[in-house]
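Have a look at the structure below, then the notes.
Below, chain A is the first sequence line, B the second, and so on; all start at residue 1.
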Protein chains: 2
Amino acid sequence: MNKLDESLLTSLPPFRNFSKTQIRTVLDLATPKRFGQELAVFTEGDPAKRFYLLLDGHIRVVRTTPNGDQIIVLHIAPGQLFGIAAAMRRDTYPATAMTADECLTLSWPNALWHKFAEDYPGFATENYKTVGERMGEVNNRVVEMATQHVEQRVACTLLRLINQNGKKVENGIAIDFPITRQNLSEMTGTTLHTVSRLLSAWQKEGIVASTRKRVAVTDPHRLVLISEAGI
Amino acid sequence: MNKLDESLLTSLPPFRNFSKTQIRTVLDLATPKRFGQELAVFTEGDPAKRFYLLLDGHIRVVRTTPNGDQIIVLHIAPGQLFGIAAAMRRDTYPATAMTADECLTLSWPNALWHKFAEDYPGFATENYKTVGERMGEVNNRVVEMATQHVEQRVACTLLRLINQNGKKVENGIAIDFPITRQNLSEMTGTTLHTVSRLLSAWQKEGIVASTRKRVAVTDPHRLVLISEAGI
DNA sequence: GCCCAAGTTTGTTGTAGAGCAATGTCGTGG
DNA sequence: CCACGACATTGCTCTACAACAAACTTGGGC
């Protein structure tokens with residue numbers, strides 16, 4: 001068990017404005033856990049017993065079809081809750097959470113969701129707001145998939161990734177966790193081949209810079225143009 | 001103003017188990033309204049001031065892209081709440097609600113959401129459950145769009161429609177509101193031409209029976225096969 | 001009953017992008 | 001340090017489906 005600093009939580013939306021003692025209680029009840037890369041925190045269909053907070057690292061939330069196709073539903077960044085099926089009164093997790101890199105999570109039994117919500121007004125509010133935003137994003141994705149070409153969708157996806165998980169580097173903004181062409185294709189509903197071709201082409205034009213498992217955007221503005229018009 | 005029967009609400013999930021006087025209060029505070037076909041109940045971007053319950057008819061929830069493409073995000077059946085942006089703490093509606101046929105709605109100012117939730121435990125629970133289910137469905141759609149062919153997607157969409165809005169008729173199960181090829185194409189991310197061709201082909205095979213603005217499924221089982229394998 | 005607009009059907013053509021296959025490169029573990 | 005597996009690139013082919021075009025059908029309004 002790691003020593004947990006109170007300051008870890010006080011800045012996060014769901015726990016903002018909690019009193020010092022309340023934060024301490026929340027931390028006392030939490031179970032911390034470290035994960036290596038590419039491990040499942042929980043699996044689709046498992047009984048939903050706990051909800052999680054990601055303190056460090058990055059999580060991919062993934063669904064698998066009956067034919068074995070896998071698609072990435074959502075990315076979780078540090079400071080966000082995930083596995084909140086409980087809050088939506090589901091009894092099993094609707095998707096699998098995989099670590100994209102080394103992760104540190106806190107988790108609590110579902111029963112505590114209700115306790116937190118009762119004891120600390122603002123907890124539920126903040127989280128339902130998050131759910132609302134995620135709902136908006138996934139609807140955006142449906143619209144994107146229905147109306148845009150592969151090239152535009154990949155551009156949109158990259159832009160979203162650098163917005164939510166971008167880290168400034170010398171030549172642009174990098175996605176700060178490992179991501180393969182395959183992963184990108186699973187987010188856009190295409191094949192790794194097509195993604196590879198697009199990244200190669202964009203690299204030649206100086207729009208992106210990618211290496212194995214890493215992608216950085218060097219010219220976000222051009223990418224926006226592509227995402228809007230397909231050039 | 002129509003006389004509102006208490007029995008209208010007592011059977012609906014969000015209000016189930018309310019006391020008789022509670023139901024009466026809910027009804028007293030509600031504003032009923034009738035709509036003709038193809039009218040907007042509220043519009044994307046409008047300030048979200050009220051939330052709605054559909055008593056009769058069918059509602060399409062629609063998003064419009066900057067280029068004017070329109071896609072149907074969700075269908076609302078009688079007895080369901082919609083426009084619950086308030087519950088997700090959004091200040092504008094994220095989509096437009098259009099009537100598919102003649103509709104009767106009740107609506108309440110957003111402030112009452114919180115009152116209902118406080119006064120009547122079970123109201124919030126029931127509704128967040130609904131949100132969770134809708135989230136699951138829209139994620140399913142993303143997966144569908146990412147992995148399935150047009151033929152399969154149209155089949156899936158028809159099956160979902162007859163499940164949620166099906167009415168038994170002599171030769172099968174009909175979608176009990178007007179729906180055009182164009183509408184179906186907006187739900188599946190294709191063109192009305194392709195939908196028309198598919199319906200014609202399926203009609204020849206005796207799988208569906210469609211007329212102008214009406215679609216019925218005569219052989220759901222075959223449609224399931226198509227949705228799964230593409231046949 | 002007739003007209004018109006909205007909805008539908010059907011044909012043709014062009015192309016985005018999937019599918020397949022072969023080769024190249026990186027980095028990790030023995 | 002080497003070998004192997006995982007990841008990536010690239011070329012070729014082929015098809016599903018969008019895009020365009022044009023005629024046909026239906027039903028509601030005058």
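Rounded to whole angstrom, the span from the CD atom of B:Gln203 across to the C1' atom of D:dT25 amounts to 14 Å. Regarding A:Gln182, its CD atom lies at a distance of 16 Å from the C1' atom of D:dG5, rounded to whole Å. Straight-line distance from the CG atom of B:Leu192 to the P atom of D:dA18: 10 Å, rounded to whole Å. One can place CD1 of B:Ile226 at 16 Å from C1' of D:dA16, the figure rounded to the nearest angstrom. One atom, CG of B:Asn67, and another, P of D:dA18, lie 16 Å apart when rounded to the nearest Å. A straight line from CD1 of B:Ile179 to C1' of C:dG7 spans 14 Å, rounded to a whole angstrom. Whole-Å rounding puts the A:Arg153 CZ to C:dA16 P distance at 14 Å. In this structure, CZ of B:Arg197 is placed 15 Å from P of D:dA22, rounded to the nearest angstrom.
The phosphate of D:dC7 has neither OP1 nor OP2 within less than 4.0 Å of any side-chain N or O from A:Thr180. Distances shown here put a side-chain N or O of B:Thr190 below 4.0 Å from the OP1 or OP2 atom of D:dA18. OP1 or OP2 of D:dA18 has at least one side-chain nitrogen or oxygen of B:Thr194 nearer than 4.0 Å.
Nearest to the side-chain atoms of A:Thr191 among the listed nucleotides C:dT8, D:dA18, C:dA18 stands C:dA18.
The salt bridge (charged side-chain N to carboxylate O under 4.0 Å, His left out) analysis of residues 168-195 of chain B, with sequence neighbours excluded, yields no pairs.
Among the protein residues, B:Ser196 comes within range of the nucleic acid bases, having at least one heavy atom under 4.0 Å from a base atom. Among the atoms of the strands shown, none is found under 4.0 Å from any heavy atom of A:Leu199.
Donor-acceptor pairing under 3.5 Å, judged by distance alone, is present between the side chain of B:His193 and the base of C:dT10.
By the 4.5 Å heavy-atom criterion applied to side chains, B:Arg160 and B:Glu144 are counted as neighbours. A:Ile84 is listed as a side-chain neighbour of A:Val131, based on a closest heavy-atom distance under 4.5 Å. Between A:Arg63 and A:Thr96, the closest side-chain pair of non-hydrogen atoms is not below 4.5 Å.
The residue among A:Ser210 and A:His149 whose nearest nucleotide of DNA chain D lies closer to the 5′ end is A:Ser210.
Using a 4.0 Å cut-off between a side-chain N of Lys or Arg and a carboxylate O of Asp or Glu, A:Glu38 and A:Arg60 qualify as a salt bridge. Ion pairing of A:Arg222 with A:Glu205 is present here, as a side-chain N (NZ or NE/NH1/NH2) and a carboxylate O approach within less than 4.0 Å.
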Original post:
How would nucleotides 23-30 of chain C be written as a contact map, 5' to 3', with B for base contact, S for sugar-phosphate-only contact and - for no contact, using protein heavy atoms under 4.0 Å?
Top reply: --BBS---
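Of the N and O atoms on the side chains of B:Gln203 and B:Ser210, at least one donor lies less than 3.5 Å from an acceptor on the other residue.
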